[in-house]
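Everything on this sheet refers to the single structure shown next.
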Amino acid sequence: IPSKEGKIFIKALFDYDPKEDKAIPCKEAGLSFRKGDILQIMSQDDATWWQAKHEGDTNPRAGLIPSKHFQERRLALRRPEIVVQPLKLSNRKSSGFRRSFRLSRKDKKTNKSMYECKKSEQYDTADVPTYEEVTPYRRQTHDKYRLVVLVGPVGVGLNELKRKLLMSDTQHYGVTVPHTTRARRSQESDGVEYIFISKHLFETDVQNNKFIEYGEYKNNYYGTSIDSVRSVLAKNKVCLLDVQPHTVKHLRTLEFKPYVIFIKPPSIERLRETRKNAKIISSRDDQGTAKPFTEEDFQEMIKSAQIMESQYGHLFDKIIINDDLTVAFNELKTTFDKLETDAHWVPVSWLH
Ligand code: 5GP
């Protein structure tokens, strides 16, 4: 990873093939890229077509890519469930990069796709993933990658990987202690298995946005608080957290600077071979008991992984396929070791 030195780098949040792009003035001049690629911007002089090259590419010739503004507009137009509205707030910065749209769901009944764009107006950041400006960043000792978020479908082996990592170095890794409103069982201690709190307090905490996520199970609330992440970090440990992918965007803050790893299932054939003797607590099972995997579990896992990747793939820093557990674990371990030594691409907003 190079030093920044006045260069502009962006992470592509979508796949782009100029050959498929009807709008590009010249297909041969286009630059193709994949979601997650790092591009260096060579020119932003044109409002619609930027010039860019792949980061590290020694070929000095740049190619055309759609500008952020242009791509956001047409993506929003293509997705009829999204409404593009001018932003009412006035105190927005209007740097070329930040100019984008506020999007909201379309009213299903009217089935109308509204698109408004007045030149003079400024727009809120879009929900439409296009590009993210990034910068190379090497962690300082006081500011390591401390929160590592693991996401993946039910049954992919995320908990097993997390447990193995934790056991490999309990001084170095930590996990959060969840809150619950259920009664403490005799063998449990407050603050170890759970932090036991009243329903009233839980509800107040939810109101005050104290939770990263929470859910209800058998008439009790369970949830992971933001403070529980902070308390792991305060012990100078790397906090391992597994959450639903939709919560990731709330964790991507200056404070946490998370590194997000997606644990992906292998092919269905490999799932059948590798999970022959394994058990799963299926999301379809109300009892929450572990049973041998069924063909339906495999299919559900693969489908759920596909949805996660297409909806949240732009938030993943790393994808690890859990085919063979030992191989996946070693890859995970190597990833963690590199996090502490190598520079990584992070959003520029994390450095201000
Ligand atoms: P138990 O009461 O048997 O300890 O746990 C019951 C259920 O609560 C389990 O299915 C467990 O996965 C879920 N649970 C435990 N901690 C959390 C949490 O932090 N958030 C959510 N949403 N569920 C949790």
Side-chain angles (χ1 to χ4, degrees), residues 1-2 7-44 48-76 78-79 97 100 126-137 149-153 156 245 248-249 252 258-267 302-323 328 331 334-335 338-339 342-348:
I1 291 181
K7 297 172 189 163
I8 299 174
F9 295 104
I10 54 173
K11 180 171 160 185
L13 307 181
F14 62 104
D15 294 331
Y16 180 66
D17 181 0
K19 286 194 226 64
E20 305 282 308
D21 190 347
K22 291 197 183 75
I24 194 164
C26 168
K27 292 197 196 310
E28 288 68 40
L31 183 79
S32 68
F33 54 80
R34 302 295 306 267
K35 193 191 275 190
D37 285 356
I38 305 292
L39 310 173
Q40 185 185 344
I41 299 288
M42 308 309 284
S43 164
Q44 283 177 317
T48 316
W49 298 98
W50 288 349
Q51 292 176 39
K53 58 178 201 162
H54 283 272
E55 188 278 310
D57 188 350
T58 45
N59 183 350
R61 207 177 137 265
L64 294 183
I65 63 168
S67 72
K68 183 178 173 71
H69 183 67
F70 178 60
Q71 185 64 14
E72 273 172 1
R73 275 200 200 196
R74 61 175 177 178
L75 271 188
R78 250 186 248 154
R79 287 168 51 176
F97 210 86
S100 47
D127 242 356
V128 181
T130 53
Y131 306 109
E132 177 171 60
E133 192 175 353
V134 291
T135 187
Y137 183 56
V149 179
L150 301 169
V151 295
V156 77
V248 170
K249 69 174 177 203
R252 288 182 90 238
Y259 189 81
V260 182
I261 304 177
F262 179 55
I263 309 294
K264 186 177 168 163
S267 67
I302 285 180
K303 187 153 170 253
S304 155
Q306 276 164 356
I307 294 170
M308 284 182 180
E309 205 172 344
S310 77
Q311 280 189 6
Y312 303 101
H314 58 285
L315 301 174
F316 303 159
D317 293 294
K318 174 90 187 165
I319 297 176
I320 293 179
I321 298 174
N322 188 12
D323 182 329
E331 197 181 344
T334 311
T335 304
K338 277 200 185 145
L339 273 179
D342 296 4
H344 291 271
W345 296 101
V346 302
V348 286

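Here, residue 1 is the first one in the sequence, and each next residue gets the next number.
- The OH atom of Y16 sits 7.5 Å away from the CG atom of L64 when rounded to the nearest 0.5 Å.
- The closest side-chain heavy-atom distance from P129 to K35 is not below 4.5 Å.
- Nearest heavy atoms, A62 versus K53: CA-CB, 4.5 Å.
- Between the CD1 atom in I24 and the CG atom in L31 there is a gap of 9.0 Å [rounded to 0.5 Å].
- Two residues are said to be in side-chain contact when any heavy atoms from C-beta on lie closer than 4.5 Å; F316 and V151 meet this criterion.
- The backbone N or O of A328 lies less than 3.5 Å from no partner atom in the side chain of N322, so there is not a single donor-acceptor pair.
- Contact check for P136 versus W345: side-chain heavy atoms found under the 4.5 Å cut-off.
- Residue E132 forms a salt bridge (charged side-chain N to carboxylate O under 4.0 Å, His left out) with just one option from R252, K68, K249, and that option is R252.
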Item to check | side chain to side chain contact (heavy atoms under 4.5 Å, CB included) evaluation trace for I261 with D317 | outcome: CA-CA 6 Å; I261 304 177; D317 293 294; over 6 Å; no
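- Between the side chain of H314 and the backbone N or O of Y131, no donor-acceptor pair lies under 3.5 Å.
- Nearest heavy atom pair, residue S32 against residue H54, reads O-NE2, 2.9 Å.
- In this structure, L75 CG and F70 CZ are separated by 10.0 Å, a value rounded to the nearest 0.5 Å.
- Summarising the geometry, atom NZ belonging to K264 is positioned 12.5 Å from atom CG belonging to D323; distances are rounded to the nearest 0.5 Å.
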Item to check | side chain to side chain contact (heavy atoms under 4.5 Å, CB included) evaluation trace for F9 with T135 | outcome: CA-CA 6 Å; F9 295 104; T135 187; 5.9 Å; no
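- Across all their heavy atoms, F262 and A305 have their closest contact at CZ-O, 3.7 Å.
- For R61 against A29, the heavy-atom pair with the smallest separation is NH2-CA, 4.4 Å.
- Here the closest non-hydrogen pair linking V260 and L315 is CB-O, 3.4 Å.
- In this structure the side chain of K318 never reaches within 4.5 angstrom of the side chain of L339, judged on heavy atoms.
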Item to check | side chain to side chain contact (heavy atoms under 4.5 Å, CB included) assessment of E20 paired with D15 | outcome: CA-CA 11 Å; E20 305 282 308; D15 294 331; over 6 Å; no
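- Note that the CD1 atom of I65 and the CD atom of Q71 stand 9.5 Å from one another [nearest 0.5 Å].
- The OG1 atom of T48 sits 8.0 Å away from the NE2 atom of H69 when rounded to the nearest 0.5 Å.
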Checklist entry - Run the side chain to side chain contact (heavy atoms under 4.5 Å, CB included) check on Y259 and H344 step by step: do they pass? => result CA-CA 10 Å; Y259 189 81; H344 291 271; 4.1 Å; yes
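- A heavy-atom distance below 4.5 Å is not found between the side chains of W50 and S43.
- When the shell of 6.0 Å around NZ of K27 is examined, it contains more than 12 heavy atoms from other residues, nucleotides or ligands.
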